[in-house]
Amino acid sequence: YWTDGKLLFLSSMDLNGGDRRDLFRNELPHPFALTVVAGRVFWTDWDSSSVEGCAITADGCGPKRTWIRDVQYPMGVRVWAKEAQPLPSD
């Protein structure tokens with residue numbers, strides 16, 4: 001997954017460089033940082049001053065949702081979740 005704030009898209013591709021998909025093109029005001037966790041992709045947007053996200057689906061991405069508003073120029077995004085932090089084995 002990656003985003004381009006100048007060309008205004010969020011895309012994905014498999015690890016071999018194939019199956020490229022534009023999840024959003026010309027629908028995001030100014031996407032910047034992103035993270036992927038627990039079947040979702042989250043990104044920051046400078047123009048809307050928000051953190052957005054969507055569920056990852058077989059077709060790409062489900063409906064966009066705003067998670068946090070009124071964040072001025074968010075430079076990064078991190079998600080703390082159990083799924084992203086497995087417990088160590090004994």
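Just so it is clear, the structure is predicted and the values come from calculations on it, not from any experiment.
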Visitor: Any side-chain heavy atom of Leu10 within less than 4.5 Å of one from Leu34?
Guide: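 Yes, close enough: below the 4.5 Å cut-off.
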Visitor: Are Cys61 and Val41 packed together at the side-chain level, in the sense that at least one heavy-atom pair is separated by less than 4.5 angstrom?
Guide: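 In contact.
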Visitor: May I ask you to check whether over 12 heavy atoms, not counting those of Arg20, lie within 6.0 Å of atom CZ?
Guide: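 For Arg20, atom CZ is crowded (more than 12 foreign heavy atoms under 6.0 Å).
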Visitor: Step through it carefully: locate the ring centre of Trp43, locate the ring centre of Phe32, and say whether they are under 6.0 Å apart.
Guide: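 When the ring centroids of Trp43 and Phe32 are compared, they turn out to be at least 6.0 Å apart.
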Visitor: How close do Thr57 and Gly62 get, counting heavy atoms only, and between which atoms?
Guide: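 Reported closest heavy-atom pair: CG2-N, 3.7 Å.
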Visitor: So Tyr73 and His30, do their side chains get closer than 4.5 Å, heavy atoms only?
Guide: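 Side chain of His30 against side chain of Tyr73, heavy atoms only: no contact under 4.5 Å found.
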Visitor: Given 3.5 Å as the limit, does a donor-acceptor pair link the side chain of Asp45 with the main chain of Ser50, or not?
Guide: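 The answer is no, because no donor-acceptor pair under 3.5 Å joins these two groups.
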Visitor: State yes or no: do Leu7 and Trp2 share one hydrophobic cluster built from I, L, V, M, F, W and Y residues joined by side-chain heavy-atom distances below 4.5 Å, directly or via other members?
Guide: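 Yes, Leu7 and Trp2 fall within the same hydrophobic cluster.
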Visitor: Please check this pair: side chain of Ser49 against backbone of Gln72, looking for a donor-acceptor N/O pair closer than 3.5 Å.
Guide: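 Side chain of Ser49 to backbone of Gln72, a donor-acceptor pair under 3.5 Å: no, none is there.
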Visitor: For the atom pair CG (Leu23) and NZ (Lys64), what is the distance rounded to the nearest 0.5 Å?
Guide: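 The NZ atom of Lys64 is 12.5 Å from CG of Leu23, to the nearest 0.5 Å.
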Visitor: Report the distance from atom CD of Glu52 to atom CD of Glu27, rounding to the nearest 0.5 Å.
Guide: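 The CD atom of Glu27 is 11.5 Å from CD of Glu52, to the nearest 0.5 Å.
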Visitor: Are Ile68 and Phe42 connected into the same hydrophobic cluster when the rule is that any two of I, L, V, M, F, W, Y join if their side-chain heavy atoms are below 4.5 Å apart?
Guide: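 Yes; Ile68 is reachable from Phe42 via cluster members.
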Visitor: Applying side-chain contact (heavy atoms from CB on, under 4.5 Å), run through Tyr1 and Ile56 and close with a yes or a no.
Guide: CA-CA 11 Å; Tyr1 293 87; Ile56 299 168; 3.3 Å; yes
Visitor: Can a donor-acceptor pair be found, under 3.5 Å and without considering hydrogens, that links the side chain of Trp46 to the backbone of Pro31?
Guide: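 Not a single qualifying donor-acceptor pair exists.
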Visitor: Given side-chain hydrogen bond (donor to acceptor under 3.5 Å, both in side chains), test Ser11 with Asp22 step by step and report yes or no.
Guide: CA-CA 4 Å; Ser11 297; Asp22 288 332; 2.5 Å; yes
Visitor: Any side-chain to backbone donor/acceptor pair from Asp4 onto Lys6? Under 3.5 Å, distance only.
Guide: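 At least one qualifying donor-acceptor pair exists.
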Visitor: So, taking the atom named OG1 in Thr35 and the one named CZ in Arg78, what distance separates them when rounded to the nearest 0.5 Å?
Guide: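 Answer for the OG1-CZ pair, Thr35 versus Arg78, is 6.5 Å.
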Visitor: Considering only heavy atoms from C-beta outward, does the side chain of Leu8 approach that of Leu28 to under 4.5 Å?
Guide: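 Not touching, per the 4.5 Å side-chain cut-off.
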